[in-house]
Q: 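Just passing along the structure, written as structure tokens.
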There are 2 protein chains.
Amino acid sequence: MDDLEKPRGGRPRAFDLDRALDAAMHLFWEHGYEATSLAMLREAMGLTPPQIYNAFTDKETLFRKALTRYHQTEIGFALEALSAPVPTGEAIRRLLLGAAEAYSRPGKPGGCLFVSGALAASPQAQAIADELKAYRKASEAGIAERLAQGRAIGDLPEGLAVEGFAKFLAGVMNGMSIQARDGASVEELRTLAQTALAAFAIEGQKQAHHPRNEADAGSLPRG
Amino acid sequence: MDDLEKPRGGRPRAFDLDRALDAAMHLFWEHGYEATSLAMLREAMGLTPPQIYNAFTDKETLFRKALTRYHQTEIGFALEALSAPVPTGEAIRRLLLGAAEAYSRPGKPGGCLFVSGALAASPQAQAIADELKAYRKASEAGIAERLAQGRAIGDLPEGLAVEGFAKFLAGVMNGMSIQARDGASVEELRTLAQTALAAFAIEGQKQAHHPRNEADAGSLPRG
DNA sequence: CAGGTTTCGTATCGATCACTATGGATGATT
DNA sequence: AATCATCCATAGTGATCGATACGAAACCTG
């Protein structure tokens with residue numbers, strides 16, 4: 001995973017690290033950090049407590065490694081969308097529609113681990129809640145950075161308040177995460193995303209970037 | 001509060017029920033249902049365990065009563081906005097701007113208890129998570145109902161998909177709740193709300209209802 | 001004042017929490 | 001084969017969880 005330790009001898013590990021970490025990640029994703037007990041982890045990972053602690057130090061470290069793995073395996077769409085060589089409007093569109101898909105994958109917990117993991121926490125788990133908040137802030141900062149780039153090359157209106165619009169987009173994604181947890185389908189999330197994308201169309205995307213999406217991205221949802 | 005029990009004798013209660021319930025509500029609001037321990041409640045409410053259990057049955061009942069009290073004392077803005085005799089656009093505007101204020105009140109936990117209370121939960125607390133989900137669904141249904149009324153009187157475009165737009169608005173409010181928990185100020189939340197309100201302006205609120213707000217409600221945020 | 005009823009304070013219940021001590025098993029190294 | 005390092009399984013650690021047993025105290029009714 002992360003620490004490429006060289007086992008210069010000793011009994012080999014009898015289970016797959018990443019597979020165990022995946023099981024833990026899904027459990028944290030579904031129930032959150034504190035509500036996921038070691039007994040649940042033990043059963044889902046198919047391991048004994050000493051196996052878990054020997055491999056992942058403690059519950060908090062296990063959770064942090066699960067966060068890293070989630071970031072690597074589940075939400076690559078975000079970085080891809082924001083770094084793709086496409087107009088800003090298209091990048092944002094990919095971001096929101098990618099979230100619609102990622103937050104409602106069949107067989108996976110609904111929503112985003114960074115939101116569900118510890119929105120509220122006990123005082124003992126405040127550090128975990130802060131870390132998740134940092135992930136959310138980083139997402140928002142990534143959006144803001146992309147918007148600033150777009151504005152710099154004339155892709156967006158000069159008067160656009162980058163920070164405020166980034167906060168709106170991050171907020172919409174957070175809202176989609178909760179709607180997904182409440183059972184929203186990928187179609188419903190896509191509709192929500194496209195309604196939000198309509199805010200892009202107001203000030204006029206004078207240069208039409210992707211004609212095939214204009215009709216969708218620029219209108220209210222219709223029955 | 002709710003059960004108007006007649007104490008036909010017996011030692012009188014030595015504390016104020018609503019004051020104790022308020023303390024519990026704020027604690028649940030801040031830390032969520034499961035992460036709030038009896039020890040924390042005991043200290044915040046200034047009571048002993050038997051006092052709490054005698055007055056509120058158990059932790060789950062206490063939480064449900066806190067939900068009712070929260071609904072009554074903290075988010076009256078929502079019902080007021082949706083039932084006010086004003087155009088639909090103005091009602092939605094009051095709803096979102098009211099949320100911006102309610103989710104960032106000084107001295108209160110950020111965001112909405114219905115979101116923070118138990119977004120993720122252990123299997124034992126699934127009933128609580130479901131109840132909070134029902135509150136969120138009811139909010140969305142209330143918005144949809146108001147939109148349907150508006151469309152029926154020609155206040156909204158006939159082609160508008162009420163359910164989809166209600167889901168967008170509910171999602172934005174949920175997103176605002178998370179942004180508030182992450183420390184967003186009331187101004188930032190207002191900007192977020194007004195950006196979302198811009199989606200209303202696209203299809204054209206042909207009948208200008210409140211001229212003094214049009215400039216704000218219909219534009220992207222500006223620096 | 002006596003009987004009934006409810007709440008009070010004190011002390012604590014069993015269950016579950018995250019976590020670990022201990023010693024045998026299994027591999028690489030020499 | 002001898003040594004060493006690591007992981008395995010069994011069993012159990014103290015702490016905290018939500019919730020109570022108990023008897024004294026405080027009120028109303030008769």
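By convention in this document, chain letters (A, B, ...) are assigned in the order of the sequence lines, proteins followed by strands, and residues within each chain are numbered from 1. Only heavy atoms go into these numbers, but all of them, side chains included; no hydrogens, no water, no symmetry mates.
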Q: Would you indicate what A:Ala55 reaches in the nucleic acid, counting non-hydrogen atoms under 4.0 angstrom: base, sugar-phosphate, or nothing?
A: nothing

Q: Can you run down the salt bridge (charged side-chain N to carboxylate O under 4.0 Å, His left out) pairs that involve residues 48-60 of chain B, sequence neighbours left out, and say none if there aren't any?
A: B:Glu60-B:Arg64

Q: Distance check needed: D:dC8 P versus A:Arg13 CZ, whole Å only.
A: 7 Å

Q: Among residues at least two apart in sequence or on other chains, which ones pass side chain to side chain donor-acceptor pair (under 3.5 Å) with B:Thr57?
A: none

Q: Which part of the nucleic acid, if any, lies within reach of B:Phe56 when heavy atoms closer than 4.0 Å are counted: base, sugar-phosphate only, or nothing?
A: nothing

Q: If only side-chain N and O atoms of A:Gln51 are considered, is one of them under 4.0 Å from the OP1 or OP2 phosphate oxygen of D:dC7?
A: no

Q: Residues two or more places apart in sequence or in another chain: which of them pass side chain to side chain donor-acceptor pair (under 3.5 Å) with A:Arg136?
A: B:Asp182

Q: Under the side chain to side chain donor-acceptor pair (under 3.5 Å) definition, can you give me all pairs with a residue in residues 33-44 of chain B, not counting sequence neighbours?
A: B:Glu34-B:Ser122

Q: Which residues pass the ring-ring contact (aromatic ring centres under 6.0 Å, His included) test with A:Phe114, sequence neighbours left out?
A: A:Tyr70, A:Tyr135

Q: Determine, for nucleotides 10-20 of chain D in 5'-to-3' order, which nucleotides have protein heavy atoms under 4.0 Å from the base (write B), from only the sugar-phosphate (write S), or from neither (write -).
A: B------SSBB

Q: Please tell me if B:Arg11 has a side-chain N or O lying less than 4.0 Å from either OP1 or OP2 of C:dC8.
A: no

Q: C:dG9 P sits how many Å from B:Ile52 CD1, rounded?
A: 12 Å

Q: Between B:Glu101 and B:Arg190, does at least one N-O distance fall below 4.0 Å, as a salt bridge requires?
A: no

Q: Using atom CG of A:Asn54 as one end and atom C1' of D:dA9 as the other, report the distance to the nearest whole Å.
A: 13 Å

Q: Without decimals, in angstroms, what is the distance between B:Phe15 CZ and D:dA26 C1'?
A: 15 Å

